[in-house]
Amino acid sequence: MSSFLSVRDLKVHFPTVDGIVKATDGLSFDLERGKTLGIVGESGSGKSVSSSAILGLHRRTSAQVSGEIMLDGVDLLKLSDEDMRRRRGKDVAMIFQDPLSAMHPYYTVGNQIGEAYRVHHDVSKKVARARAIEMLDRVGIPQPDRRVDDYPHQFSGGMRQRAMIAMGLINNPSLLIADEPTTALDVTVQAQILDLLQDLQRDFDAAVIIITHDLGVVAEMTDDVLVMYAGRAVEYGSCKEILTHPEMPYTWGLISSIPDVSGDTSAQLIPIPGNPPSLLNPPSGCAFHPRCTHRDKVPGDLCTTVLPELLPGTRTEGHLKRCHLTNPDVVYEREILPEIAPDLVEER
Amino acid sequence: MSSHDPKTSHEQVPAGMAMPNEDVLSGAENAPDDAASYIAPVSRHAATMGDPNAKAILEVKDLKMYFPVKSSGIIRRTIGHVQAVDGVSFQVPAGGSLGLVGESGCGKSTTGRLITRLYEPTAGTINFDGQDISKTSARGLKPLRREIQMIFQDPYTSLNPRHSVGSIIGAPLEIHNILPKKQILPRVQELLEIVGLNPEHYNRYPHEFSGGQRQRIGIARALTLQPKLLVADEPVSALDVSIQAQVINLLQDLQDEFGIAFLFVAHDLAVVRHFCPEVAVMYLGKIVEIADRETLYNRPNHPYTQALLSAVPDVKQAAIGGRRERIRLEGDVPSPINPPSGCRFRTRCPLAQEICARVEPPLLQIGKRHKVACHFAGELGKHPDKPVTAGLLGVDDSGTPDPGASPSVDVGNEPGFADTWFDLERRTMASA
Amino acid sequence: MFAYVIRRVFIGVILLIVMSLVTFVLFFASPVDPGRYACGKNCSPAQIEQTNKALGYDKPVIEQWTDFLKGVVVGREYPDDPALRAAAPQLVVECPAPCLGYSVVNSVTVNEELKERFPLSLSLALAALLMWVTGGVLFGVIAAVRKGTIVDRGIVALSLIFYAFPAFFIGLFLLKFVAIKWEIVPVPVYTPIAEGGLGLWLQGLFLPGLTLALLYMAGYVRMTRAFVLESMSEDYVRTARAKGLKSRKVLTKHSMRAALTPLVTMIGLDFAGLMGGAIITETVFNYNGLGKLAVDATVTYDLPTIIGLVLLLGTFVIVANIIVDVLYAVIDPRVRVG
Ligand SMILES: Nc1ncnc2c1ncn2[C@@H]1O[C@H](COP(=O)(O)OP(=O)(O)OP(=O)(O)O)[C@@H](O)[C@H]1O
Ligand SMILES: Nc1ncnc2c1ncn2[C@@H]1O[C@H](COP(=O)(O)OP(=O)(O)O)[C@@H](O)[C@H]1O
Ligand code: SF4
Ligand code: SF4
Ligand SMILES: [Mg+2]
Ligand SMILES: [Mg+2]
């Protein structure tokens, strides 16, 4: 049986005057209802472009989208524009990073939430407004019947993101994509929003994709993780596997370049050298090679000439990684872990 | 582990790890001349260690900044004030770092701007290197601008796009007439090298650089005049995670090498923990807790600090299985125009009682290097039932003035730490 | 909002007073002797001096200016000479408040002059405005929606062509060919509504209005196109699309409303500017509007008329600005509800 959402070899290419930008270049993953997938990576790695493709938001004139996006047995990429539009906001909904700019400044919050309902339901404005109030209440806005007539700028950042969530969930979608839903928020508000998302997911039994660059959010929220680099998946597996036994140098880099609020203060902060590559002219072979500090462990010039496949890692079947290293588990245990979590090494 | 010696707690990348170099880059079809693809050498660091005996280079006392709020009537009267910063006191040790954390709008940046004197404080003193600079005139500030520099959050807007990197970094040298024209370029190149940029790229323009590199340019500019104090306002918030670490480590290198003191403003508690041996937590314009790193992160005593810390997702903890219980804070930060009476945190505090609305809790020293402003200060789960401050303030447990009691300890708002403090357990004064 | 408008009006009045002073001072700082112009070509120095005296030009500038201000508030008489009034009241011209002065050159109060020209200029500006805004926005939106296609390029190229042609050329072409030679439309003659009714009024305004509209439209097409394109990449437009809204609705309800807001400012200022700025068009069609009046007054060094015009047009700019700001508040709730 195939999964609820199954993406195969998704490619999104943008033809530009300077050449083709391969923003997403062969992405595949699966997701079941009630489960959460986290997509992590640096900015520009193709996270938002990929998720917009699932919603069919790319205009045919500016982007070439290919591959297969099967949602509940239907290939979304084969639908006509009109059929895709009917599903957008109803079966698949999305909430965006910056809730202030994602809401129209000239319309009330209630109007915008109600509009999302009226697109897919033939009801009067009054009914839609009542639904909007109900949803605002559901996402924890106090006095929803009064706040419904406020404009977005009258809401705080956290309230705006709640309103966006209300807008996303008003049609009971089976797939919710949250693109950096808490990046613009303070930690205490982030915690509130993450809790809310978790509650709602349970109630709605939706499949959720959370896009983030924050491994902390991934750790707390997701079942599976997909790490993206330069438009490709470089590591994919269960959240716990990936965070405890990562097998790809880029993932190591991500983990070792963030400090933690607890644990040993003698842990080293090890940045990834260099900058993310240009997608117009990505590095040959493994796209990460110009920044990789483990290249010398791979014989010959494989890293610079041959693109590694996304293959099962050393530990479990479902854990995939894109790297030529043959013993990443050993390298991680010996070289990385002692540097970044000396206390954990002792425990193990 | 010799982690207490700052010199040994960091090192350059060990020889065993291949450093990417430039021939690899050209092999990768990246034009070697492309500014954004220059790979800077990176260093790695453990958390910075502080020297508790260092003398303070900056001492701020009772600093206040009130911004007037104008009415919208025919004649625009001042109808109130945004109490952006309301009586903060702290010290920054020479060559050390103090972290300033808190939610958006709590007054962190305003504090930073006051210290660089981009604003004139409403009240309070700013003692820099033995001199009160809080009232210094614009002209008197000029020499000061050399000693205190600022690094800004947004590397995209803080650099003038029409000036070359060389003139951005060299401008302070010209303005202050420090070097003859001929020596400016070599100095600029030296600075570029220090911050990990290609020294040959001095004639490039900011847009040719990536975000992390632009932040390096901002840092080079701040370093030009060899300041003693750097106010870093969210220096890494706008950067990608992997780049954040590069910049933090660069700042750490610079601190070790040049002995620069930092006031490090950020909302990211983990970054602050890594960079600052001492941290102050702000809420609505006030410091609610200030302590050394170990105490603040492991044994916070203020309910707000506790909530803040529990809200931060912890990768390593979560990865080994334990998803911690969060303390949920309800609602939003109130407006600083009409802050709540008494304790400003009381509208969201899970422990708030009558006294909290009546009496403002003083910032009370409760340990060797630990101060907290809460009537019910205590470690998580061990908060006392009765206010610890009642006796000190001469009020009863509900906060009404108690004519019988007389305030027993002087709880002034002094910067720094005293040798004696109020012991919460025994409710008496203690010392080391 | 009300308080805001009052405050703006107040500031506007002060601005006008300052403008009148500046005009006075500049006028007298110039090396030209106003009395010579007023008196005529063959006047002797004595006559010129007498003229200057009669017109009050011999008084200090500031005094003339305060007299002028007084006239605006309570009205005045020309010449301001009690003896003459007693002797020959028929020679004294009554100029009731708000008196903007008396043009010796044209022997009429400035108020009369302006009153005569004003309706034409206003009508012309309105007609042009209507045409260029509809055309500009329509073609701008079409170009934005069809971005990159032949339609888009065609519209942009065409608007550039019109932009490049000078006003007198377009005006002359429309007049000499469209009206006179090909007789597609009648030769325009301005007829006030009161005299010829709506039909003739519109007929008289069509060609000169079109001349101005074509000039302005080019800019508006390009601006509208740019604003709509910009708003189409806004996050909230993406949100609207993500809801599943039809693209037409996304365009009209979400994209255009935001894109057209900045146009309001431009429209207000351009309209106010056009009131006295349609000189070439008025000349080509031989229409006696404010623009022509301004040119004539400058050539004959007719100080009172110039000052009156400056103030009238200044008032227009100020009023247009206030209206624009009020409109802004109506359109954008962020301005309205703080
Ligand atoms: N120039 C100003 N005029 C009026 N109010 C101001 C001004 N600057 C700051 N404020 C207000 O002062 C308070 C503190 O602002 P500040 O910028 O210091 O916050 P912050 O802690 O740095 O927040 P963030 O994390 O968002 O940067 C806020 O309520 C802000 O709106
Ligand atoms: N319309 C477009 N035309 C050309 N390039 C684009 C377009 N949209 C996105 N890109 C490029 O695709 C890459 C991936 O972008 P995105 O998915 O937004 O990154 P992120 O991982 O930060 O969400 C970036 O390099 C971006 O510049
Ligand atoms: S394939 Fe080579 S360059 Fe790429 S991540 Fe693995 S070791 Fe590094
Ligand atoms: S003083 Fe009261 S309200 Fe304030 S933090 Fe302590 S318990 Fe909470
Ligand atoms: Mg993105
Ligand atoms: Mg700030």
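Protein chains get the first letters and strands the later ones, always in sequence-line order, with residue 1 at the start of each.
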| task | Heavy atoms only, distances under 4.5 angstrom: which of A:Ile270, A:Leu194, A:Leu254 has the most pairs with chain B? Name it, please. | result |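 The residue among A:Ile270, A:Leu194, A:Leu254 with the greatest pair count is A:Ile270.
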| field | Options A:Gly140, A:Pro259, A:Pro142, A:Ser156, ranked by heavy-atom pairs under 4.5 Å with chain B, top entry | value |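 The answer is A:Pro259.
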| task | Please indicate whether B:Glu193 has more than 12 foreign heavy atoms, meaning atoms of other residues, nucleotides or ligands, lying under 6.0 Å from its CD. | result |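 At most 12 heavy atoms, drawn from other residues, nucleotides or ligands, come within 6.0 Å of this atom.
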| query | Is the shortest heavy-atom distance from the side chain of A:Pro276 to the side chain of B:Ile243 under 4.5 Å? | reply |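 Yes, side chains in contact.
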| So do the side chains of A:Thr265 and B:Arg273 get within less than 4.5 Å of each other, counting heavy atoms only? |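 Result yes, sub-4.5 Å side-chain heavy-atom pair found.
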| field | Sequence-distant partners of B:Phe262, ring pair (Phe, Tyr, Trp, His ring centres under 6.0 Å), two or more places apart | value |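 Residues passing ring pair (Phe, Tyr, Trp, His ring centres under 6.0 Å) with B:Phe262: B:Phe275.
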Which answer fits [X], side chain, backbone, both or neither, if we ask what part of it has an atom under 4.5 Å from a heavy atom of chain A?
{"X": "B:Glu330", "value": "backbone"}
{"X": "B:Gln246", "value": "both"}
{"X": "B:Ile327", "value": "neither"}

How long is the straight-line distance from [atom2] of [Y] back to [atom1] of [X], given to the nearest 0.5 Å?
{"X": "B:Arg328", "Y": "A:Leu196", "atom1": "CZ", "atom2": "CG", "result": "8.5 Å"}
{"X": "A:Leu185", "Y": "B:Glu103", "atom1": "CG", "atom2": "CD", "result": "10.5 Å"}
{"X": "A:Ile258", "Y": "B:His274", "atom1": "CD1", "atom2": "NE2", "result": "12.0 Å"}

| field | Check: A:Gln190 side chain, B:Ala311 main-chain N or O, donor-acceptor pair, under 3.5 Å | value |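 Judged by distance alone, no pair lies under 3.5 Å.
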| So, does A:Gln192 use its side chain to make a donor-acceptor pair with the main chain of B:Leu329 at under 3.5 Å? |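 Confirmed, A:Gln192 side chain pairs with B:Leu329 backbone.
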| message | Ignoring hydrogens, what is the shortest heavy-atom contact between B:Asp240 and A:Ser43? Give both atom names and the distance. | response |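 Scanning both residues, the minimum pair turns out to be OD2-OG, 2.9 Å.
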| query | Shortest non-hydrogen contact from A:Pro271 to B:Asn249? | reply |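 So the two residues come closest at CD-ND2, 3.3 Å.
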| Chi angles and distances behind the side-chain contact (heavy atoms from CB on, under 4.5 Å) call for B:Gln252, A:Leu269 | CA-CA 11 Å; B:Gln252 225 165 315; A:Leu269 192 61; 5.6 Å; no
